[in-house]
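Every number for a ligand or one of its atoms is a count from 1 in the order of the listing. Keep in mind that what you see is a predicted model, and the values were worked out from it rather than measured.
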Amino acid sequence: MPHAVLCPPAVDRDEWTDWRWQMRNRIHSLEALRAYIDPTDAEVEGIERTEGVFRWNITPYYAQLMDHDDPSCPIRRQVVPTIDELEPDLVGVEDPLTEVAHSPVKNLIHNYHDRVAFCVTAECAIYCRYCLRKRMVGDADFFMRTGELQEAIDYIDAHQEIRDVLLTGGDPLTFNEAHLEWLLSRLRAIDHVEIIRFGSRMPVKLPYRITYELCDLLARFHPIWINTHFNHPKELTEDAAAAIARLASAGVPVGNQTVLLRGINDDVATMKALNQGLVRMRVRPYYLYQAQLIGGTAHLRTPIETGMHIMRELRGRTTGFAIPDYVLDTPHGKVPLHRSYVRGRAGDRVVMETYDGRLWAEPNPIPDDVDVPFRLPEIELPADVDTIDTD
Ligand SMILES: *Cc1c(COP(=O)(O)O)cnc(C)c1O
Ligand code: SF4
């Protein structure tokens with residue numbers, strides 16, 4: 001069972017579960033933080049020295065999940081700045097995916113032919129230290145005025161090929177219902193927009209944002225999909241599960257995108273517990289992201305081999321749909337980072353590795369009249385291979 005989040009005795013439960021109360025009472029001073037954790041020197045200095053680089057902000061709900069005494073707490077490391085962020089890195093805090101170059105109008109990224117990522121706001125309820133859009137989140141220049149939102153909507157309207165609109169940010173669910181209704185009704189008025197998706201971390205950092213009122217609103221604009229962003233089993237609370245259940249009842253399929261983070265979730269046991277816990281909450285794991293090259297996040301990134309290994313260890317050892325796709329986002333789209341199970345072709349047989357480390361040779365001759373679209377490497381049939389005898 002996911003554990004419960006207890007409301008601190010000093011706060012009324014009705015206030016605690018009011019998302020606007022949570023937003024108003026976000027923690028962004030050392031003094032307020034000390035009510036939840038005993039910050040280390042590295043955290044105190046990090047908070048003081050990263051202020052101008054990337055803001056910090058934590059909802060009381062999420063703060064409550066932090067371990068008071070353990071600085072290696074996976075919740076704490078996602079949201080509390082440390083001096084590690086000031087270490088020299090391979091790049092600066094910039095735009096790793098050259099999203100600005102792929103933006104025909106402000107904050108609309110048209111990278112794939114048939115779909116766009118539309119960054120409708122730069123606001124977030126918390127600021128994750130590894131954020132891909134660090135350059136924009138919380139930055140006034142990236143906030144969208146109504147006229148700018150309308151320009152992006154006009155662009156989508158003028159481009160018949162766009163059948164899928166991903167609303168992201170920042171966090172689009174920081175918008176109030178009236179604003180969301182304005183946006184959704186304009187997008188729904190465009191015939192060629194088939195699906196609307198939200199990328200939102202609200203179920204994780206502020207599950208009370210998923211109100212019945214919001215769910216009713218979303219249900220009026222179906223098909224609506226949501227991808228959320230759980231990174232660690234500690235985030236799978238009863239309150240988060242209740243938020244997901246409200247979305248599921250409104251007919252909104254919920255997927256999850258996790259970022260692979262060093263010391264937070266970069267081991268098989270954590271990743272398995274996370275994804276199995278998600279499936280239990282009816283959330284379908286979608287992507288596991290290789291952490292992006294963003295300045296000041298070197299301490300959170302892992303070698304790609306670590307992710308590939310974790311994926312290998314999940315396959316066959318848990319429910320197939322508890323396994324996300326491990327991908328790297330590049331300026332040329334997302335690239336799956338999979339160690340191939342297929343070794344190659346030995347004559348009429350294709351040789352592959354099974355999840356438990358054996359070899360299987362599948363009889364699979366290529367008929368003379370079939371043109372294969374590409375060729376597997378030609379290999380010798382290994383001696384220790386298992387196969388079916390054929391006539
Ligand atoms: C991730 C992304 C999408 C959506 O990609 P899917 O693989 O369809 O989930 C669309 N546009 C941009 C720019 C993206 O980064
Ligand atoms: S919720 Fe998403 S957009 Fe917001 S700070 Fe975290 S990673 Fe960045």
Do any nitrogen or oxygen atoms of Arg197 come within less than 3.5 Å of a nitrogen or oxygen of ligand 1? yes
Need the ligand 1 atom indices (1-based, order shown) with element for anything under 4.0 Å from a heavy-atom of Tyr286. 6 (P), 7 (O), 8 (O), 9 (O)
Tell me which protein heavy atom sits closest to atom 2 (Fe) of ligand 2, plus the residue, atom name and distance to 0.1 Å. His229 ND1, 4.3 Å
Can you pull out the closest protein heavy atom to atom 7 (O) of ligand 1? Residue, atom name and distance to 0.1 Å, please. Tyr287 OH, 2.5 Å
Would you please say whether a donor-acceptor pair under 3.5 Å links the side chains of Trp16 and Tyr208? yes
Pairs of nitrogen or oxygen atoms closer than 3.5 Å, one from Tyr112 and one from ligand 1: do any exist? no
Do you know which two heavy atoms are closest between Leu217 and Glu181, and how far apart they sit? CD1-CB, 3.8 Å
Numbering as shown, the atoms of ligand 1 that approach Asp329 to under 4.0 Å (heavy-atom distance): 15 (O)
Given 3.5 Å as the limit, does a donor-acceptor pair link the side chain of His338 with the main chain of Ser340, or not? no
Between the side chains of Thr174 and Asp171, is a donor N or O closer than 3.5 angstrom to an acceptor N or O? no
Using 30° and 60° as the class boundaries, would you call the ring planes of His179 and Phe175 parallel, tilted or perpendicular? parallel
Does a donor on one side chain and an acceptor on the other come within less than 3.5 Å for Asn364 and Arg345? yes
On a heavy-atom basis, which atom in Cys215 and which in Ile210 lie closest, and how many Å separate them? SG-CG2, 3.8 Å
I want to confirm something. Looking only at heavy atoms, which of His102, His110, Lys334 is nearest to atom 5 (O) of ligand 1? Lys334
Please list the nearest protein heavy atom to atom 8 (O) of ligand 1 with its residue and the distance rounded to 0.1 Å. Arg115 NE, 2.7 Å
Under 2.8 Å from atom 4 (Fe) of ligand 2 - protein N/O/S, by chain and number: Cys124 SG
Less than 3.5 Å apart, any donor N or O on the side chain of Glu148 or Asn107 sitting next to an acceptor on the other? no
Under 3.5 Å, is there a donor on one side chain and an acceptor on the other for Arg76 and Thr82? no
Name the closest protein heavy atom to atom 12 (C) of ligand 1, giving the residue it belongs to and the distance to 0.1 Å. Ala117 CB, 3.8 Å
